[in-house]
Peer 1: 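Here it is, the structure, as structure tokens.
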Amino acid sequence: MHVVIVGGGSVGSSIARELLSHGHDVVVVDATSEVIGRSNLRGAQWVVGDACDLDVLQRARAEEADVVVAATGDDKANLVVSLLARSEFGVPRTVGRVNNPKNEWLFDDAWGVDVAVSTPRLMTALVEEAVEVGDVVRLLSFQTGTATLSAYTVPREHPVVASTVTQVPWPPDVALVAILRDGVPIAPSGDDVMEGGDELFFITTAEGEEQLRAMFTTARDVNLQAARGEGGSTAMPATALRRTAEPPSPAV
């Protein structure tokens with residue numbers, strides 16, 4: 001895969017280093033030559049110049065790129081690079097770094113951005129995930145549509161503990177895509193049983209995320225003992241959660 005990375009600072013160099021270790025062809029573009037020595041990248045090709053200039057992107061062989069990553073510390077430059085990559089070179093996928101969260105709304109398909117990565121938002125999400133056990137945390141927004149990547153850490157005493165994946169009536173537009181248990185990723189199946197401390201990862205919409213949050217929050221207040229079925233099972237009946245997954249009726 002041919003990848004063009006614009007911005008040879010710490011972020012761009014880290015991305016390039018990972019991609020090179022996976023055997024990809026990487027070209028790094030930066031406005032100054034000083035970053036070449038500091039980056040200590042082996043195997044990367046370098047182009048020195050302003051990536052907002054078409055000639056510079058041509059020297060980086062942007063027309064051959066599978067992905068262009070705009071990773072500079074300047075949001076305006078990242079937007080322009082993404083737009084040029086898409087409109088002038090037909091690059092199939094672009095990734096834009098968002099430095100100021102206030103500019104995140106600009107990083108969408110209109111500016112040629114497929115995926116916007118907001119470092120401040122991601123850092124905030126990671127902090128919240130570490131602290132806010134029992135709350136739905138958005139990790140990433142996919143700018144090509146309305147989809148988001150969200151996470152939820154199951155509290156030890158939550159009613160969904162001991163329920164299988166199929167027993168939980170997930171809201172519409174919510175897909176459980178991974179479970180992280182004791183540091184080991186699991187591809188979820190319908191028979192997998194929830195455990196306290198599980199980190200659940202979802203692809204969902206903004207509306208689905210709110211319904212998911214409401215479902216988990218309301219279910220937390222349900223008495224687990226009352227939810228047990230015959231035989232002493234601790235699995236929570238689907239009906240106990242279903243009412244929390246349904247969107248509220250509009251006020252009259």
Side-chain angles (χ1 to χ4, degrees), residues 1 3 5 10-24 26 40-41 67 69 71 95 97-98 101 115-142 147-171 173-206 208-222 224 227 233-236 238 241 244-245:
M1 182 169 66
V3 182
I5 299 174
S10 57
V11 174
S13 295
S14 296
I15 298 170
R17 191 171 293 107
E18 286 294 315
L19 291 172
L20 287 167
S21 69
H22 295 162
H24 298 298
V26 177
N40 195 29
L41 284 177
V67 183
V69 180
V95 178
R97 173 188 176 188
V98 183
V115 178
V117 180
S118 174
T119 303
R121 176 184 284 278
L122 186 57
M123 291 296 291
T124 300
L126 292 172
V127 170
E128 288 178 342
E129 186 183 16
V131 176
E132 299 293 336
V133 173
D135 193 15
V136 176
V137 177
R138 180 178 300 183
L139 300 178
L140 187 67
S141 296
F142 299 99
T148 66
L149 174 64
S150 302
Y152 179 82
T153 302
V154 181
R156 298 290 176 184
E157 303 301 324
H158 197 281
V160 298
V161 172
S163 297
T164 64
V165 170
T166 53
Q167 285 179 310
V168 180
W170 306 107
D173 301 325
V174 170
L176 176 64
V177 295
I179 299 174
L180 189 64
R181 179 175 297 158
D182 297 327
V184 178
I186 300 171
S189 68
D191 296 328
D192 283 317
V193 177
M194 304 284 189
E195 295 183 8
D198 280 354
E199 292 183 63
L200 312 179
F201 295 87
F202 304 91
I203 298 294
T204 181
T205 62
E209 184 182 80
E210 288 303 314
Q211 294 174 13
L212 191 65
R213 181 175 290 110
M215 184 193 79
F216 280 126
T217 301
T218 306
R220 188 172 52 200
D221 301 329
V222 176
L224 180 58
S233 172
T234 59
M236 186 172 189
L241 282 173
T244 69

Peer 1: Grab the two heavy atoms, one from Val161 and one from Gly196, that are nearest each other, plus how far apart they are.
Peer 2: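 Smallest heavy-atom distance, with atoms named: CG2-N, 3.7 Å.
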
Peer 1: Pick from Ile15, Val95, Val98: which one makes a side chain to side chain contact (heavy atoms under 4.5 Å, CB included) with Val117?
Peer 2: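 In the set Ile15, Val95, Val98, the residue that makes a side chain to side chain contact (heavy atoms under 4.5 Å, CB included) with Val117 is Val95.
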
Peer 1: How long is the span from the CG atom in Leu149 to the CD atom in Glu209, to the nearest 0.5 Å?
Peer 2: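 Going from the CG atom of Leu149 to the CD atom of Glu209 covers 9.5 Å.
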
Peer 1: Is the backbone N or O of Val165 less than 3.5 Å from a side-chain atom of Trp170, with the two atoms forming a donor-acceptor pair by type?
Peer 2: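 Flag set: sc Trp170 to bb Val165 pair under 3.5 Å.
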
Peer 1: Determine, stepwise, if the pair Val11 / Arg97 fulfils side-chain contact (heavy atoms from CB on, under 4.5 Å).
Peer 2: CA-CA 9 Å; Val11 174; Arg97 173 188 176 188; 3.6 Å; yes

Peer 1: Would Met194 and Leu200 satisfy side-chain contact (heavy atoms from CB on, under 4.5 Å), going step by step from the backbone distance to the final call?
Peer 2: CA-CA 9 Å; Met194 304 284 189; Leu200 312 179; 4.0 Å; yes

Peer 1: Show the nearest heavy-atom pair for residues Pro188 and Ile179, with the distance to one decimal.
Peer 2: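 Closest pair (atom of Pro188, atom of Ile179, distance): CB-CD1, 3.9 Å.
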
Peer 1: Do the rings of Tyr152 and His158 sit parallel, tilted or perpendicular, given the 30° and 60° boundaries?
Peer 2: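 Judged by the thresholds at 30° and 60°, the geometry between Tyr152 and His158 is perpendicular.
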
Peer 1: Give the minimum heavy-atom separation between Val136 and Phe216, together with the two atoms involved.
Peer 2: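 Heavy-atom minimum between the residues: CG2-CD1, 4.1 Å.
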
Peer 1: Is there a side-chain contact between Leu176 and Val168, using heavy atoms and a 4.5 Å cut-off?
Peer 2: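 The answer is no, as the side chains (C-beta and beyond) never meet within the 4.5 Å cut-off.
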
Peer 1: Within this structure, what is the CG-CG distance for the pair Leu212 and Asp173, rounded to the nearest 0.5 Å?
Peer 2: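 Here the rounded value is 11.5 Å.
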
Peer 1: Where is the tightest heavy-atom contact between Ala162 and Gln167, given as atom of each residue plus distance?
Peer 2: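 Shortest heavy-atom contact: O-OE1, 4.3 Å.
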
Peer 1: Checking the side chain of Ser13 only, and the main-chain atoms of Ser10 only, is there a donor and an acceptor separated by less than 3.5 Å?
Peer 2: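 No; zero donor-acceptor contacts below 3.5 Å.
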
Peer 1: Take Met215 and Val174 through the side-chain contact (heavy atoms from CB on, under 4.5 Å) test and state the conclusion after the steps.
Peer 2: CA-CA 12 Å; Met215 184 193 79; Val174 170; over 6 Å; no

Peer 1: Sorted by first residue and then second, give each side chain to side chain donor-acceptor pair (under 3.5 Å) pair with at least one member in residues 183-198; sequence neighbours left out.
Peer 2: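 Every side chain to side chain donor-acceptor pair (under 3.5 Å) pair that includes a residue of residues 183-198, provided the two are not neighbours, is Arg181-Asp198, Ser189-Asp192.
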
Peer 1: I need the minimum non-hydrogen distance between Leu180 and Pro185, along with the two atoms involved.
Peer 2: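 In terms of heavy atoms, the two residues are closest at CD1-N, 3.6 Å.
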
Peer 1: Please identify which of these residues, Leu20, Leu41, Val69, meets the side chain to side chain contact (heavy atoms under 4.5 Å, CB included) condition with Val26.
Peer 2: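 Option passing the side chain to side chain contact (heavy atoms under 4.5 Å, CB included) with Val26: Leu20.
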
Peer 1: Please give me the minimum heavy-atom distance between Gly197 and Thr153, naming the atom from each residue.
Peer 2: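 So the minimum-distance heavy-atom pair works out to O-CG2, 4.1 Å.
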
